[in-house]
Amino acid sequence: MTTRQSPPFRADHVGSFLRPKRLLDARAQHQKGELSAEGLRAVEDDAITEIVNFQQDVGLQSITDGEFRRTYFHIDFLEQLGGVKTDIPVMIQKPDGTQELAPPVMRVIDKVRHVKDIQLADFKYLKSQVKAGLTPKVTIPSPTMLHFRGGRAGISKEHYPDLEPFYQDVANAYGDELRSLAAAGCTYVQMDDTNLAYLCDDKMREAARGRGDDPDELPHRYASFINRVVAQKPEGMTLAVHLCRGNFQSTWAAQGGYEPVAEALLSEMKVDGYFLEYDDARSGDFKPLRFLPKGKTVVLGLVTTKLGQLENKDDLKRRIDEAAKYVPLDQLCLSPQCGFSSTVHGNAIAVEAQRAKLQLVVETAREVWG
């Protein structure tokens, strides 16, 4: 067994990292009008250089910018597409009488289109900081994020009386974005998707029914939706998808094994690789991996980013052996289950634990795959 020369790599990661205090302070100053956009970007650049060096020192082959320029993993990208609007978060009353801030809601209010290169400048800076021989990776939200949360009601019936043109317009916008990145030398893109994982949860499936969708049909529809993007993938680019059951300040939103979505996800979807959460019992067993065809890769997210306690290396190796009963070992890789900071708020985990967990992933992968 040898190391992989193309992504996903034997030791990989989802992409986001804990934001340093100076970056959080700069963002707060910018929001108050005390720091210009240029000033904020200079602080971001410096923090990104530091997190790039951190990843390189740990021994990772894929390098991200830590998502240091984002507040949310999905909104910051999607709201820059033409035709997409984010509603301002509001305080809502909970059944117990307390109040909480409702998450921002994204709506499609016009024809979706690619009005500008969204990640291009960020990628160019990332690439300039990465050592030769390593691979800069761009993470973007899955296109399904524009449908699942609001369903049909979240998409303008005036501009999309039928959803078929909606799916194609979104795919075309993604294709434009991928082409702009490829022209700048990007060879590795990961799409982050909560929706297929949410469809493994009975409560989430019921909520989808309440919006007028069939939770048994949606996985196949979403596989077809993402395949429209894959069809426009530039030559030489690896396109992976990461499934997440929620990752906000060490909390989660959904649970359930992959069986309800496995066939659509692994057999029908034409991406190159999958980052799958397998850090605890919420994710079920490895049996759904039987649907993985030859030529594709599953990155096993066995190391949690939600808790600081370090996993045992022998336990990780045993779990990899369990997964290899359903998928050849050569089609498997290892990573943390999610990012360490899917939103600017970050998980309840120390920076030292973040490093230790990544080092564990790298060391375990070397011992398992050589």
Side-chain angles (χ1 to χ4, degrees), residues 72-75 77-79 81-90 92-95 100-113 140-174 191-230 241-246 248 252-271 282 284 288:
Y72 294 91
F73 81 94
H74 57 313
I75 293 174
F77 178 93
L78 293 172
E79 68 182 3
L81 293 172
V84 177
K85 181 180 183 294
T86 305
D87 289 343
I88 299 173
V90 295
I92 59 172
Q93 193 87 6
K94 296 172 67 177
E100 70 177 4
L101 192 66
V105 176
M106 309 202 71
R107 294 186 295 117
V108 174
I109 61 170
D110 201 341
K111 290 285 189 180
V112 178
R113 58 207 181 279
I140 60 176
S142 166
T144 67
M145 303 297 292
L146 285 176
H147 178 271
F148 184 76
R149 300 290 175 90
R152 167 73 266 193
I155 300 169
S156 168
K157 289 187 177 181
E158 176 188 352
H159 297 92
Y160 292 111
D162 176 65
L163 286 182
E164 177 69 18
F166 161 76
Y167 295 129
Q168 193 58 50
D169 284 352
V170 175
N172 291 343
Y174 268 69
M191 297 188 296
D192 295 315
D193 190 304
T194 61
N195 307 317
L196 282 157
Y198 283 7
L199 286 169
C200 299
D201 186 293
D202 289 339
K203 290 183 179 179
M204 298 284 190
R205 290 170 64 82
E206 192 58 39
R209 287 190 187 94
R211 293 191 294 270
D213 287 308
D214 179 353
D216 293 322
E217 182 268 338
L218 273 181
H220 303 282
R221 193 195 315 177
Y222 285 164
S224 175
F225 189 7
I226 289 175
N227 283 346
R228 294 175 190 240
V229 177
V230 177
V241 64
H242 164 239
L243 265 64
C244 173
R245 291 172 173 79
F248 178 72
W252 50 270
Q255 59 186 335
Y258 292 102
E259 197 66 34
V261 303
E263 188 168 11
L265 174 70
L266 301 174
S267 293
E268 297 174 18
M269 195 182 293
K270 298 178 181 178
V271 294
R282 285 185 305 118

Review point. Where do Tyr258 and Leu243 land on the side-chain contact (heavy atoms from CB on, under 4.5 Å) test, with the steps shown first?
Key: CA-CA 10 Å; Tyr258 292 102; Leu243 265 64; 3.9 Å; yes

Review point. Can you list the steps and then say if Tyr222 with Val261 is a side-chain contact (heavy atoms from CB on, under 4.5 Å)?
Key: CA-CA 10 Å; Tyr222 285 164; Val261 303; over 6 Å; no

Exercise for review: Report the C-alpha separation of Met269 and Asn227 in whole Å, then their side-chain angles, then the decisive distance to 0.1 Å, and conclude whether the side-chain contact (heavy atoms from CB on, under 4.5 Å) test is met.
Suggested key: CA-CA 6 Å; Met269 195 182 293; Asn227 283 346; 4.0 Å; yes

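The shortest distance between side-chain heavy atoms of Leu81 and Arg113 does not fall below 4.5 Å. Within the 4.5 Å cutoff, side-chain heavy atoms of Arg209 are placed close to those of Pro215.
Scanning all heavy atoms of the two residues, the minimum distance from His159 to Ser156 falls at ND1-OG, 2.9 Å. Thr86 and Met106 get closest at one heavy-atom pair: OG1-CE, 3.5 Å. In this structure, Asp162 and Arg152 approach most closely via the heavy-atom pair N-NH1, 4.4 Å. Shortest non-hydrogen contact noted between Pro260 and Leu199 is CB-O, 3.8 Å. Of all non-hydrogen atoms in Cys244 and Tyr198, the two that sit nearest each other are O-CE1, 3.9 Å. The minimum heavy-atom distance linking Val112 with Tyr160 is given by the pair N-OH, 2.8 Å.
The neighbour count for Lys111 NZ, taken as heavy atoms of other residues, nucleotides or ligands under 6.0 Å away, is above 12.
Between Phe166 and Phe225, the two ring planes are tilted [angle within 30° to 60°].
By the 4.0 Å N-to-carboxylate-O rule, Lys203 lies too far from Glu206 to be salt-bridged with it.
Of the possible polar contacts, none joining the Asp193 side chain to the Thr144 backbone as a donor-acceptor pair under 3.5 Å is found. Listed for the Tyr174 side chain is no donor-acceptor partner under 3.5 Å among the backbone atoms of Arg228.
Between Val271 and the choices Ile226, Leu265, Val229, the side chain to side chain contact (heavy atoms under 4.5 Å, CB included) rule is met once, by Ile226.
The salt bridge (Lys or Arg N to Asp or Glu O under 4.0 Å) contacts involving residues 214-226 comprise Arg205-Asp216, Asp213-Arg221, Glu217-Arg221, where partners must be two or more places apart or lie in separate chains.
With values rounded to the nearest 0.5 angstrom, His242 atom NE2 is found 13.0 Å from Met191 atom CE.
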